[in-house]
Structure formats: C-alpha cells, structure tokens
Amino acid sequence: MTVLVETPRADADREPALDYSALLDVLREASVRTARAGRADETALRAVRACGLLGLAVPVGYGGAGASAATVNAVLEEVARVDPSMAVILFQHFAVSARIGAWGTPAQQARLLPRMAAGWVLAASAWSETDAGAAKERLACTARAGADRSWTLDGASSLTTGAGIADLYLVLVQTSEAEDGSARHGSRGQTFFLVPADNPGLTPEPSPAPTGMRGSATGRVSLSGCRVADGDRLGPVGAASEIIAGVRETGATLGAVSAGIARAVLDLTLAHFGRAGLPAGSPRAARLVELATSVEAVRAVVADAGRRGSAEPGTTTLHSKLYASQAAEQIALEASRLLGPVGHVTDHRLTTLLADARAVTVMGPTNHLCRELIAASLRR
C-alpha cells in the first residue's frame, strides 16, 4: 500500500501556470465567494495547484523551490492579505512538506515530494483531537501492528484544515503506552503516518458552517479500520514528539497568516476613510497611526521567527504565533470601532476578517498550548 494518490499527468495535460500577481487576483475574488458559501473555492484550489506554489517548501532536488522559513512566512502573509482561508490551507501543506523533507525515507521523499511540488498532491495535518488535551497527551487514535508489517489505525475524529480537499493526510496515533509527566508537546509512544485520501478507512467530514476561515475546509477526519503499510510511517515508531518540536525550529509560523489578516484590516480601514478623512492631528488619525504601528509590530515578530536568529528559534516561533494572532484580533476589533456601524454589518469584509483572526488563535499550536510551551521554556 502506498500514499501515491494521483498519477502525474503529462505536461500537455496540465493547466497553464499562473504568475504570482494573477494568483492573488484569483484568491481575492475567491475569498468573497467563500465568505458567503462557507466552503473551499474550487477555482482558487485549481489555481494554487497549477501555479507551482505548493512546491514552495519542497527541496529543490525534488522539484520545489526549497524556500527558507522567511520566504514561506512572507508568501503566507501576502496570501492571507487577500484570502486567509487559502493561507491556512497552504500553511498546513508547507508544514507536511517540511516534515517529509526532514523525516521521510528516501522512498517516501521520491514518491511524494515531486508530486507535492507539481501540485498533484495537496497535504493536510489531521491530528488535533477534541479530548486529547492541548499537548496531545491523551490520544484516542491508536495503531495496531500486523504480522505483515502493516498497521491498522482507529480512533476519534481529528480537527483538520483541508478536510475533504486534501489528497494526503498526516495523522498522529498512539502506538505504545504513553509516558506521563513529559513537558514536551506530545508523549512518547506516538507515531505519525501518511494516509492517502482514497484509503477506505479514512473519512473526511467538512464542517457545514464554520464561523471563521470559511473557505479552509476545516472539519474532521475519522479513522476506522484504516490499513496502511509500514512504509507509510513518517519517522521512527514513537518519535512523534521529536518531529513536532523540530518543525517549530524551522521558523515557519502561523503568525504569518495573522500578519496578512492585520494588513488586510488596515488596508480596508484606510480605504474607508480616505486621505481626506485623516486630517493631521485629529483623534481619528492618531488612532490609525496606533493601528498601523501594531501591524508593523506583528510583521516584525513574524519576520524575526523566519530569520531564526534567536538563541531558541522554536520558542521565538511560538512567541510569533501567540503575539501575532492576539494582536490581529485586537487590530480588527479596533478597526470595527473606528468604522462604527459599518464595521458591524454581518457580511462586511471587516466582520469576516475579525472571524478569521479569531480562528487563528485556536489553530495548532493553539494559543493555550503556546503559553504552556513558552512557560516551560522560561522555567529551564
């Protein structure tokens, strides 16, 4: 059993590649549709697959761009400025790409990474269980090893961005007795597996009416009698916590999505008032200056994470997610106060951006978990 989902098409069968500016135009229009429809936009997904963006975090040797965390964060920010839902989908795909690049076997890398870079395989993470605790210490998803070197995965639903639209899911399961008392995210005895969307034991369940990130296909993925080969295991058995910790060290951060949302809020607010509505020295102008300064602070902390120049890059990444997501929500709230009644209309873009900003705070690593892990680093 393999995780190959789709046979590569000939070049003549591929859609023409879009340049970056054209892609942003497509996503800007799609974000309006998804805010109303509450589901992922097919036109936007086709454009993202066709333009080569899915290969951003894939090593050059496998057909990708081999981009640094700083570049990944910058691209996520620009995408989130026009379409936060698509930025979250991309963040998860980039994260899985990085995990395969760092922990995959040569066979897994050769089989998957070129297809991910080409846009034929869109990946998602499916390992946030409702009752597992913020640090994934009480997983209900389990795996049983078979005599034929296969595994059978069963368990609770996992909250997933890209549910029903991804071709490949990275799932986390308990493969042996958990070890209590660990300060790390996750416990020993947990293992990652790469599961294709067409596996009959995997069932995606998109949420019918998400409040924020309405185009992100955030829902649940359930496992029941899901059989996979040992070759679909990512990393050593029981080593999931090391893989999770290593991803934070890369500097790629969900805070970049919050930075894009914050910039979109500022853009909208400035456009609403126009230059004539900002006389020098007025209280409104002063409040907008504070708003713009907050946006720059968000961008700075995200950029710092991407540079990986601190003594503890992983902790800096956590700081960036925590601060950027909190600040983006506050920026959107302040903008709604500035706009008055207009900013509280249900279908106004500012209302959508505020809901998106709030959604990021509970996306993994959740802000609650960020605080726990940062506190642990302060105690060391």
Side-chain angles (χ1 to χ4, degrees), residues 5-6 15 18 22-51 53-54 76 78-96 116 119-130 157-171 195-199 202-223 254 257-258 260-261 264 268 328 332 345-364:
V5 178
E6 183 176 344
E15 295 178 6
L18 299 175
L23 174 66
L24 293 179
D25 289 339
V26 170
L27 298 183
R28 187 177 291 106
E29 295 173 1
S31 68
V32 176
R33 295 192 293 269
T34 58
R36 295 170 181 165
R39 60 179 179 271
D41 188 83
E42 290 297 328
T43 300
L45 289 169
R46 285 195 298 270
V48 166
R49 286 179 181 271
C51 72
L53 189 56
L54 293 184
L76 287 170
E78 290 300 324
V79 171
R81 193 177 183 182
V82 299
D83 189 349
S85 291
M86 183 57 72
V88 169
I89 292 171
L90 289 173
F91 177 82
Q92 296 297 341
H93 175 84
F94 296 154
V96 177
M116 296 174 79
W120 297 322
V121 172
L122 175 66
S125 295
W127 43 282
S128 294
E129 293 181 17
T130 303
S157 298
S158 296
L159 191 64
T160 304
T161 294
I165 63 171
D167 306 299
L168 179 70
Y169 295 91
L170 180 65
V171 302
V195 184
D198 60 359
N199 187 306
L202 181 146
T203 304
E205 304 165 1
S207 174
T211 302
M213 296 293 179
R214 288 172 58 79
S216 65
T218 296
R220 297 193 176 279
V221 169
S222 300
L223 301 171
L254 198 55
V257 176
S258 295
I261 293 172
L268 184 154
V345 177
T346 301
D347 60 352
H348 195 278
R349 176 156 171 74
L350 180 56
T351 305
T352 301
L353 289 169
L354 175 56
D356 290 343
R358 284 175 172 161
V360 178
T361 67
V362 295
M363 290 181 167

Could you pull out all residues at least two apart from [X] that satisfy side-chain hydrogen bond (donor to acceptor under 3.5 Å, both in side chains)?
X: Arg28; answer: Asp25
X: Thr361; answer: none
X: Ser216; answer: Thr218
X: Glu205; answer: Ser222

pair [X]-[Y]: side-chain heavy atoms closer than 4.5 Å:
X: Arg220; Y: Pro204; value: no
X: Leu54; Y: Leu90; value: yes
X: Leu159; Y: Met363; value: no
X: Leu350; Y: Leu354; value: no
X: Phe94; Y: Leu76; value: yes
X: Thr43; Y: Arg33; value: yes

Practice task
Without swapping roles, check the side chain of Asp356 against the backbone of Met213 for a donor-acceptor pair under 3.5 Å.
Solution key: yes
Exercise for the section: Identify the residue among Ile89, Val96, Val48 that makes a side chain to side chain contact (heavy atoms under 4.5 Å, CB included) with Leu122. Expected result: Ile89
Which distance, rounded to the nearest 0.5 Å, do you find between the [atom1] of [X] and the [atom2] of [Y]?
X: Leu45; Y: Met86; atom1: CG; atom2: CE; value: 4.5 Å
X: Met116; Y: Arg49; atom1: CE; atom2: CZ; value: 10.5 Å
X: Arg349; Y: Leu353; atom1: CZ; atom2: CG; value: 4.0 Å
X: Trp120; Y: Leu168; atom1: CH2; atom2: CG; value: 15.5 Å
X: Tyr169; Y: Asn199; atom1: OH; atom2: CG; value: 11.5 Å

Fill in the blank from the handout: residues 79-96 vs side-chain hydrogen bond (donor to acceptor under 3.5 Å, both in side chains), sequence neighbours excluded, gives Arg81-Asp267, Gln92-Ser125
Which atom pair, heavy atoms only, marks the closest approach of [X] to [Y]?
X: Ser31; Y: Val82; answer: OG-O, 3.1 Å
X: Ala163; Y: Val221; answer: CB-CG2, 4.3 Å
X: Ala124; Y: Thr160; answer: CB-CG2, 4.1 Å
X: Leu202; Y: Pro196; answer: CD1-O, 4.5 Å
X: Ala80; Y: Val257; answer: CB-O, 3.4 Å
X: Leu23; Y: Ala47; answer: CD1-CB, 3.8 Å

Exercise for the section: With sequence neighbours left out, write down each residue that passes salt bridge (charged side-chain N to carboxylate O under 4.0 Å, His left out) with Arg358, or none if nothing qualifies. Expected result: Glu329
